[in-house]
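Computed from a predicted structure; not experimentally measured. Residue numbers begin at 1 in each chain, while the letters A, B, ... track the order of the sequences.
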Amino acid sequence: MLYTKMLIPTLRETPSEAESISHKLLLRAGYVRQLASGLYIYLPLAWRVLGRINEIIRQEMNEIGAQEISMPVLHPADVWMKTGRWYEIKDEMFRLKDRSERDMCLAMTHEEIMTWLASGEIRSYRDLPQVWYQIQTKLRDEARPKSGILRTREFIMKDSYSFDKDNEGLEKNYKLHEEAYHRIYKRCGLRFFQVDSDPGMMGGATAHEFMAPSPAGEDDMVICDSCGYAANLELAVSTPPALKRIAMEYEDVSTPAMKTVAEVASFLGLGKEYFLKSLLLIADRGPVLAMVRGDHELHEAKCKKIIGEFRPATKDEVIGILGVEAGFIGPMDHDVSIIADDTLKEGIYVSGANKSDYHKKGVIPGKHFKPEWRDLHSAKEGESCPHCSAPLRIEKVIEIGNIFKLGTKYSEPLNAVFLNKEGEEKPVVMGSYGIGPARIAAAAIEQNHDQDGIIWPETIAPFDIEIIPLNPKDDKCATVSLEIYNKLIESGKEVLYDDRDERPGVKFKDADLIGIPCQVVIGMKGLKEGVVEIKKRKNKSTIKVKIEDAVEEILKVSHY
RNA sequence: CGGGGCGUAGCGCAGUCUGGUUAGCGCACCUGCCUUGGGAGCAGGGGGCCGGAGGUUCAAAUCCUCUCGCCCCGACCA
């Protein structure tokens with residue numbers, strides 16, 4: 001491909017709207033342009049990258065027996081009404097009406113439509129298992145699109161769905177997807193982890209996410225380097241280091257106007273870990289007192305799973321319910337239901353005394369109050385792995401895929417049933433599996449770049465090789481360059497030929513910016529010695545090879 | 001949806017507080033010369049409803065009101 005025939009609008013300066021590395025580089029290197037918040041145009045270079053990623057995904061999906069199909073992006077509402085998601089999902093769903101006022105929506109995901117198809121086409125256990133997938137557009141009216149192509153309102157997703165006659169079949173397809181996903185990310189050159197995740201509104205019991213470590217990530221994951229335990233912070237379990245037991249009498253202590261753990265801790269000369277943090281929450285079922293250790297944070301997602309939707313009580317509500325202002329509340333002397341973090345099963349603590357300007361020392365959870373024990377606190381860096389006790393690490397990660405065991409959550413309401421050997425009608429057992437190709441591309445950039453630009457993994461680069469003739473007007477330079485170009489094309493390589501009438505510096509800068517893995521530099525200096533230069537973008541290492549050996553040597557370096 | 005920031009040429013910005021020539025600078029772009037191993041140089045040139053609408057004023061990029069858009073933090077994220 002000739003550079004002058006391709007739209008590669010590189011920029012010398014980074015547009016000010018970009019914050020994350022991948023966003024900056026994709027804009028500067030001429031890969032994407034933004035149409036509106038969360039809506040991106042993929043220019044030729046980016047489209048080539050996505051094409052290559054999708055091809056890898058296709059190969060691996062086909063390999064596990066999945067069949068590619070294509071579903072509409074525009075959906076009638078009634079299918080979504082049957083599963084209830086038309087009502088459960090709020091502003092995230094784009095809704096519209098067709099000309100006859102029928103309710104419609106744009107595809108956020110395709111569980112409903114895939115299950116609709118299965119309900120019509122699957123009759124017998126002999127039809128199962130089936131695995132269908134597509135690589136296709138999803139639309140979600142995100143509350144806050146961000147970080148360039150990492151979180152957009154319209155994006156392409158590979159989504160597949162498995163249909164089985166029983167759980168055993170589901171397990172098998174789940175495992176196959178798990179393995180295929182590992183191969184996909186590996187082939188795309190990503191560092192990644194598989195973590196336990198919260199199924200959320202998808203439903204079902206088990207789910208995993210695939211996470212690519214990057215400071216640009218929106219999620220946090222907890223990882224144990226020793227035994228491999230890995231989980232989304234939303235449900236990660238950890239054991240804090242044991243507390244040194246301090247003897248304390250059970251007594252009130254005057255703490256005038258000291259409301260925060262930090263204030264009381266420094267007043268009493270104790271660490272924050274010897275305090276009980278009491279938080280009054282208003283849930284649908286009424287007020288709940290949630291308790292974590294003074295140096296811990298209540299994890300809202302964990303809490304929500306236990307008590308449902310909740311909000312913190314207002315100042316007036318705290319006084320109304322517990323009779324004392326927020327800084328002095330504690331777990332004793334009232335009948336508000338209490339949930340306490342498992343960490344608090346051991347130890348003696350200081351807590352609010354439920355009396356203005358007083359705290360209570362020597363509180364023993366389980367003795368002085370009876371809570372419901374749950375895991376409520378956010379795992380912290382350095383706490384111990386629940387499985388092997390080694391210290392945990394926390395990493396920022398980009399979610400690049402997820403897999404869910406759905407069970408019959410969709411097949412039952414949509415009546416996707418089959419007859420088993422015994423002639424009984426059973427709901428199909430389902431799984432769903434998603435990968436975001438654009439996120440793979442962005443994560444690849446986040447993980448592989450330097451000050452000069454992108455360093456694409458060879459497997460997903462827009463081109464394999466970029467040829468850089470420094471003096472295209474010189475006959476010799478042009479002839480040699482074109483000959484190498486043509487031979488590389490013949491041998492099946494994707495090659496970009498920088499035929500622009502630009503000075504060498506401009507070509508070098510742009511080549512480094514767009515990040516094609518192998519650069520071939522052909523200049524007068526080398527030609528006089530009868531050599532051309534092969535440069536690896538990754539480490540800028542350069543080797544000089546004889547003109548007549550050039551093609552062979554380039555093919556060795558660019559082995560993909 | 002809460003908090004913060006920003007809208008002036010394709011990109012990066014100055015000018016706004018304190019209203020007053022024809023709205024400026026760098027890069028990019030066009031023409032010519034020159035140059036060619038890490039974003040050259042010289043000369044000439046094109047490009048603006050100062051996000052939009054109202055208002056105040058003799059006079060508005062600048063002050064006031066409303067509005068639209070974009071980014072960041074948080075909430076949310078099927």
- request: Flag the pair A:E111 and A:K409 as a salt bridge only when some basic side-chain nitrogen lies within less than 4.0 angstrom of an acidic carboxylate oxygen.
  value: no

message: Rounding to an integer number of angstrom, what distance separates B:rG52 and B:rG10 when you compare their P atoms?
response: 13 Å

query: Do you see a donor-acceptor pair shorter than 3.5 Å between the side chains of A:T10 and A:D510?
result: yes

task: Specify the separation, in whole Å, of atom CD1 of A:I8 and atom P of B:rA28.
output: 18 Å

- prompt: How does each nucleotide of nucleotides 44-52 of chain B score, in 5' to 3' order, for protein heavy atoms under 4.0 Å: base (B), sugar-phosphate only (S), or none (-)?
  reply: ---------

task: If B:rG74 has a Watson-Crick or G-U wobble mate with both distances under 3.5 Å, name it; if not, just say none.
output: B:rC1

statement: From the candidates B:rG38, B:rC11, B:rC76, the one with an atom nearest any side-chain atom of A:K535 is B:rG38

message: In whole Å, measure the gap between the C1' atoms of B:rA40 and B:rC6 for me.
response: 35 Å

message: Say we look at B:rG44 and B:rU62: how far apart would their P atoms be, to the nearest angstrom?
response: 33 Å

Closest-nucleotide ordering on RNA chain B, the 5'-leading residue of A:D219 and A:I522: A:I522

- request: Remember a base hit wins even if backbone is also touched, and classify A:D512 as base, sugar-phosphate or nothing at under 4.0 Å, heavy atoms.
  value: base

- prompt: Does the side chain of A:T137 reach to within under 4.5 Å of the side chain of A:E154, using non-hydrogen atoms?
  reply: yes

- request: If B:rC50 has a Watson-Crick or G-U wobble mate with both distances under 3.5 Å, name it; if not, just say none.
  value: none

message: Can you tell me how the ring of A:H177 sits relative to the ring of A:Y433, calling it parallel under 30°, perpendicular over 60° and tilted otherwise?
response: parallel

- prompt: Rounded to the Å, how far apart are A:L43 CG and B:rG10 C1'?
  reply: 14 Å

task: Using a strict cut-off of less than 4.0 Å between a Lys/Arg side-chain nitrogen and an Asp/Glu carboxylate oxygen, indicate whether A:D512 and A:K540 qualify as a salt bridge.
output: yes

Distance between C1' atoms of B:rC49 and B:rG45 (Å, rounded): 23 Å

Base-pairing mate for B:rC6 - Watson-Crick or G-U, with both contacts under 3.5 Å: B:rG69

query: What is the distance from CD1 of A:I514 to C1' of B:rG39, rounded to the nearest Å?
result: 14 Å

- request: Pick the C1' atom in B:rU22 and in B:rG39, then give their distance to the nearest Å.
  value: 34 Å

message: Taking atom CH2 as the centre, does A:W132 end up with more than 12 heavy-atom neighbours from other residues, nucleotides or ligands that are less than 6.0 angstrom away?
response: yes

message: Go nucleotide by nucleotide along RNA chain B from the 5' end; which of A:E142 and A:G523 gets its closest nucleotide reached first?
response: A:G523

- request: Provide the distance between the two C1' atoms, one in B:rG38 and one in B:rU31, to the nearest whole Å.
  value: 27 Å

message: I need the NZ-P distance between A:K509 and B:rG37, as an integer number of Å.
response: 15 Å

task: Round to a whole Å and report the spacing from CZ of A:R503 to P of B:rG38.
output: 9 Å

message: Enumerate the ring pair (Phe, Tyr, Trp, His ring centres under 6.0 Å) contacts for residues 499-539 of chain A, please, sequence neighbours excluded, ordered by first and then second residue.
response: none

- prompt: With a 4.0 Å cut-off, would you call A:D450 and A:R537 a salt bridge?
  reply: yes

message: Taking any heavy-atom pair under 4.0 Å as a contact, classify A:E399: base, sugar-phosphate, or nothing.
response: nothing

- prompt: How are the rings of A:H75 and A:W80 set relative to one another: parallel (under 30°), tilted (30 to 60°) or perpendicular (over 60°)?
  reply: parallel

field: Shortest side-chain distance from A:F508, nucleotide among B:rU36, B:rG38, B:rC11
entry: B:rG38

- prompt: Is A:E13 side chain donor-acceptor paired with the B:rG39 base, going by distance under 3.5 Å alone?
  reply: no

- prompt: Within the modelled atom types, does a donor on one side and an acceptor on the other bring the side chain of A:D510 and the base of B:rG39 under 3.5 Å apart?
  reply: yes

field: Aromatic ring pairing A:Y40/A:H23, orientation class (parallel under 30°, perpendicular over 60°, tilted between)
entry: perpendicular

field: Nucleotide paired to B:rA60 in any strand shown, Watson-Crick or G-U, under 3.5 Å
entry: none

message: Under 3.5 Å for both donor-acceptor distances, Watson-Crick or wobble: does B:rC25 have a partner, and if so which one?
response: B:rG12

Salt bridge (Lys or Arg N to Asp or Glu O under 4.0 Å) evaluation trace for A:E483 with A:K487: CA-CA 6 Å; A:E483 196 178 328; A:K487 282 185 181 158; 3.3 Å; yes

message: Tell me whether A:D499 contacts the main-chain N or O of A:T4 through its side chain, where contact means a donor paired with an acceptor under 3.5 Å.
response: yes

task: Please state the C1' separation for the pair B:rC42 and B:rC34 - nearest whole angstrom.
output: 8 Å

- prompt: Roughly how many Å is it from CZ in A:R12 to C1' in B:rG38, rounded to a whole number?
  reply: 12 Å

- prompt: For A:I468 and B:rG37, what is the distance between atoms CD1 and P respectively, to the nearest whole Å?
  reply: 14 Å

- request: Quote, to the nearest angstrom, the C1' distance that separates B:rC11 from B:rC1.
  value: 33 Å

message: In this structure, how many angstroms lie between the P atom of B:rC27 and the CG atom of A:L513, rounded?
response: 19 Å

task: Establish whether the base of B:rG12 is bridged to the side chain of A:R28 by a donor-acceptor pair shorter than 3.5 Å.
output: no

Give me, pair by pair, the N or O atoms of the protein and of nucleotides 69-73 of chain B that are less than 3.5 Å apart, along with how far apart they are.
residue : atom : partner : partner atom : Å
B:rC70  : OP1  : A:S37   : N            : 2.7
B:rC71  : OP1  : A:Q34   : NE2          : 2.8
B:rC71  : OP2  : A:S37   : OG           : 3.0
B:rC72  : OP1  : A:S147  : N            : 3.4
B:rC73  : OP2  : A:R144  : NH1          : 3.1
B:rC73  : OP2  : A:R144  : NH2          : 2.8

